[in-house]
Amino acid sequence: MRGEIMSEVVSYNREGNIGVITVNYPPVNALGQAVRSGLLAALEQGQKDTEARALLLVCEGRTFIAGADIREFGKPMQEPTLPTLVNTFENSDKPLVAAIHGTALGGGLETALSCHYRVAISSAKVGLPEVKLGLLPGAGGTQRLPRLTGARKALEMITTGEFVGAKDALALGILDAVEEGDDIRAVGMAYAQKVVDEGKPVRRVRDITDKIEADKGSDVFDQFRDELKKRARGLFSPFKCVDAVEAAFNLPFDEGMKRERELFMECMESPQRAGLIHSFFGEREVSKVKGLSKDTPVRDVKSVGIIGAGTMGGGIAMNFVNVGIPVTIVEVKQEALDKGLAIIRRNYENSAKKGKLTQEQVEQRMALITPSLTYDDFRDVDLVIEAVFENMAIKKEIFAKLDEVCKPGAILASNTSTLDIDEIASATKRPEDVVGMHFFSPANVMKLLENVRGSKTSDEVKATVMAVAKKIKKVGVMVGNCYGFVGNRMLHKRGTEAMSLVDEGATPQQVDKVLTDLGFPMGQFAMSDLAGIDVGYRIREERRKAGEDIPASWMDKLAEQGRLGQKTQAGVYKYEEGSRKPIPDPEVEQLIEQFRKEQGITPREITNQEILERCVYVMINEGAKILEEGIADRPLDIDIVWIYGYGFPAYRGGPMFWADQEGLDTILSAVKKYQDTVGGEQWEPAALLEKLVAEGRKFADL
Ligand code: 3H9
């Protein structure tokens, strides 16, 4: 019996006395309905095959099964379910071997745990990342993993979702053997043959109890719950994960499985699951840019030039160096260059101290950086990123120089966070090669890269900067050109409302708390202190000089008094030496009171609901305008900008996804209310919002 097809995606064949079950369901062999039913049919075939003494489960393509098929979540479940599948696998009366390459994740690892032996190649990884999708392992992972690893490690893996490399998984008892090489089928066959030759028995994980006995009654579960209160603030599923793992220690296996199922269903129905899965697909979807295709040519970026060795320039440089791309950094003064390089070195040395890099790697990375005082050294680079401060005249001067020096085909990018890319491009004779690449501070840490297309930017350049984002492990989002692009345009609306709310009677800490309660890692004012109060102040001053009607603010007074934020240990909040913890400051309260008097404002009680509406609905209204104008192509582009650039809680799916859950009609009526009571162009309802409400549709329907 050879090569029998059980379904389109699973086949059974026998080689010698080994029955081989092969899954082939690109891209990641996810356990969709066809795979689940194919696996059951193939197992049955293997059981019936009298010549087969052991069975081997192996996958084609880049990976072992990477989990349940996430696309099926939220739809009615189709038989056979995954718990049925894994229990049937474990009950096989022929020894069953899983051969793992790539990533055995979630339901994939659970399927492997239902096999009797697991062998992997050394590059493989295993993990139960369900928690990152707002779930818990729902096919026995919470019951079987602790039987192999004990409570603590299982809790760590299940509550963080982090992957474990093959060698560590071997040491933890998750795997039985790890082999070098990349021919997983050969590795699996050899192991299965050994099982037959040595007469190894069927060995079911459910029956392994020594670790369960050892950790029974341990206080590790409560310890984890305490840790999670900090680490997983606002999240639902990590706590359910602990409950499920604890059940493995308190209940017999079958009852533990039932408990796991109940808890899994609670997670499945939670809005956080929907938000996190939206974020998961959104992160992948943003790489597909309107107007570009897989065939759009991409330029090779093998060397990069950076202008400015300040915090931003240095952080940007590290991204490239980390992936082995050499960087030339140009500054005006040697002193600034030395300082910038010293900071980069210090960052790498700190990573080395934490054991994340070896000293040799630190030196290798530093050796990839060429400091320079002249643009002539940009002659051969493929991409230049300008990271000097926000001043149009200076940027135009720089781009005119770059145009003279850089080779044809070099991409000229600006890291501006607000300025007009077309105007910058107009300083060159090659506007098609000019683009925005807006990094977020700290640039070596934050995952977002907002790539900004000018009106003349070529498709090839757009495709290249998206590819560069991927190469340096960022989430690249392509957006259009306008003041502040997607992220800062919405942020500035929120900032203006936050300041006005304090004018009118709220305290900065009240405003911040509403935002952190929503799930932001920090509030508007704590963020201003981190970025520096002078940044917003300078922007407001520039706009006033340009004739815009920007009202006076108590925050201007802070800046004028030299309270510039964390860097001066005093801003909206005060800070103790060496601490980043914001402490409300009575001096600031007095300053605000004084400001209100000067402006003739009688403070009033402001509710948290008003703060939420004015700070967040104002962003949604602006987001709708951004969509209307085509600055963002899809609502999910805005969601991903906000999740990865500004810490919008991923479990709420981003602002536009969240708006759909809040109800667009609710948001629109609040916008109209504030148009009457607060006024200003930010409260003019977006035509798109009105249209969607009138049609009873959501952003998700666009
Ligand atoms: C689970 O298992 C629940 C069970 O415990 C219980 C159930 C009862 N399903 O990331 P990539 C797609 S929960 C469907 O770009 P990489 C992805 O959208 C699940 N599709 O590649 C993309 O599609 P497209 C637990 C999936 O090499 C393509 O595959 N498992 C799934 O950088 C390539 O993905 C997880 O959470 C899926 N499960 O990384 C694993 N996974 O080409 C989630 C991927 O159309 N997945 N796709 O854009 C990952 O972490 C990464 O995708 C992986 C590959 C590491 C596998």
Side-chain angles (χ1 to χ4, degrees), residues 9 23 25-36 39 59 61-87 89 100-114 123-145 154 157-158 160-165 237 240-241 244-245 257-258 260-269 272-274 276-289 293-294 447 466-467 469-471 473-476 636 640 650:
V9 291
V23 181
Y25 185 47
V28 295
N29 292 313
L31 288 157
Q33 196 275 339
V35 175
R36 297 195 304 272
L39 278 169
C59 295
R62 66 206 235 199
T63 180
F64 190 77
I65 301 165
D69 190 337
I70 306 170
R71 288 176 207 277
E72 288 182 354
F73 292 170
K75 299 178 190 155
M77 274 192 204
Q78 286 175 290
E79 296 290 338
T81 65
L82 206 45
T84 306
L85 173 77
V86 292
N87 287 338
F89 260 59
I100 298 173
H101 73 299
T103 43
L105 302 177
L109 178 57
E110 291 175 299
T111 306
L113 291 174
S114 74
S123 56
K125 292 189 177 117
V126 303
L128 292 172
E130 286 87 345
V131 72
K132 295 186 177 173
L133 302 173
L135 290 169
L136 54 85
T142 64
Q143 307 303 298
R144 290 193 179 92
L145 188 68
M157 281 179 68
I158 293 171
T160 63
E162 297 303 334
F163 304 168
V164 173
S237 76
K240 300 288 161 186
C241 290
V245 174
M257 285 292 280
K258 267 194 218 144
E260 177 193 82
R261 192 69 187 159
E262 286 162 14
L263 292 163
F264 176 79
M265 292 316 291
E266 281 181 35
C267 293
M268 192 58 129
E269 278 149 28
Q272 295 196 354
R273 190 271 306 159
L276 284 164
I277 287 183
H278 172 75
S279 310
F280 175 87
F281 284 119
E283 181 183 331
R284 283 152 183 83
E285 215 41 45
V286 287
S287 66
K288 296 163 197 158
V289 177
S293 74
K294 287 209 164 76
K447 272 193 85 178
M466 291 303 286
K470 197 162 192 174
K471 174 95 197 174
K473 303 189 171 74
K474 300 267 179 221
V475 179
L636 67 87
I640 297 301

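Counting starts at 1 for both ligands and their atoms, in listed order. Since we're looking at a predicted model, the values are computed, not measured.
Residue contacts with ligand 1 do not include Lys132, since none of its heavy atoms lies under 4.0 Å from the ligand. Glu285 does not count as a contact of ligand 1, since none of its heavy atoms falls under 4.0 Å from the ligand. Using a 4.0 angstrom heavy-atom cutoff, Arg261 counts as in contact with ligand 1.
Of the possible donor and acceptor atoms, one in the side chain of Glu110 sits under 3.5 Å from a partner among the backbone N and O of Ala139. A distance-only check finds a donor-acceptor pair linking the side chain of Gln143 to the backbone of Ala244 [under 3.5 Å].
In this structure, the protein non-hydrogen atom closest to atom 30 (N) of ligand 1 is Ala66 O, 3.0 Å.
For Thr103, no nitrogen or oxygen atom sits less than 3.5 Å from a nitrogen or oxygen atom of ligand 1, counting backbone and side chain alike. Note: no N/O pair closer than 3.5 Å links Phe281 and ligand 1 by distance alone. In terms of polar-atom proximity, Pro83 is not counted as a contact of ligand 1, lacking any N or O under 3.5 Å from an N or O of the ligand. Between Gly107 and ligand 1, an N or O atom pair is found at a separation short of 3.5 Å. Residue contacts with ligand 1: Pro27 is placed with no nitrogen or oxygen under 3.5 Å of a nitrogen or oxygen of the ligand (distance criterion only). Close N/O approach between Pro129 and ligand 1 is not found [any backbone or side-chain N/O within under 3.5 Å].
Within a 4.0 Å radius of atom 16 (P) of ligand 1, the protein has at least one heavy atom. Within a 4.0 Å radius of atom 11 (P) of ligand 1, the protein has at least one heavy atom.
Taking every heavy atom of Lys288 and a limit of under 4.0 angstrom, the matching atoms of ligand 1 come to 24 (P), 45 (O), 48 (O). Residue Arg71 approaches ligand 1 through these ligand atoms, each under 4.0 Å from one of its heavy atoms: 18 (O), 23 (O), 45 (O). Near Val28, the atoms of ligand 1 lying under 4.0 angstrom from a non-hydrogen atom of the residue are 26 (C), 29 (O), 31 (C), 41 (N), 44 (C), 47 (N). Atoms of ligand 1 found under 4.0 Å from any heavy atom of Gly67 (numbered from 1 in listed order, with element): 2 (O), 30 (N). Less than 4.0 angstrom separates some heavy atom of Pro137 from each of these atoms of ligand 1: 5 (O).
Heavy atoms of Leu133 found under 4.0 angstrom from ligand 1 belong exclusively to the side chain. Only the side chain of Ala30 comes within 4.0 Å of ligand 1, judged by heavy-atom distances. Both the backbone and the side chain of Ile70 come within 4.0 Å of ligand 1, judged by heavy-atom distances. Contacts between Arg273 and ligand 1, counted as non-hydrogen atom pairs separated by less than 4.0 Å, are absent for every part of the residue.
Remark: among candidates Asn29, Leu105, Asp69, the nearest residue to atom 55 (C) of ligand 1 is Leu105, based on non-hydrogen atoms.
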Acceptor/donor pairs from residues 124-132 side chains to any protein atom, 3.5 angstrom cut, sequence neighbours excluded:
none

Distance-only donor-acceptor hits, side chain of residues 100-107, under 3.5 Å, sequence neighbours excluded:
{"residue": "His101", "atom": "NE2", "partner": "Gly61", "partner atom": "O", "Å": "2.8"}
{"residue": "His101", "atom": "NE2", "partner": "Thr63", "partner atom": "N", "Å": "3.3"}
{"residue": "Thr103", "atom": "OG1", "partner": "Thr63", "partner atom": "OG1", "Å": "3.2"}

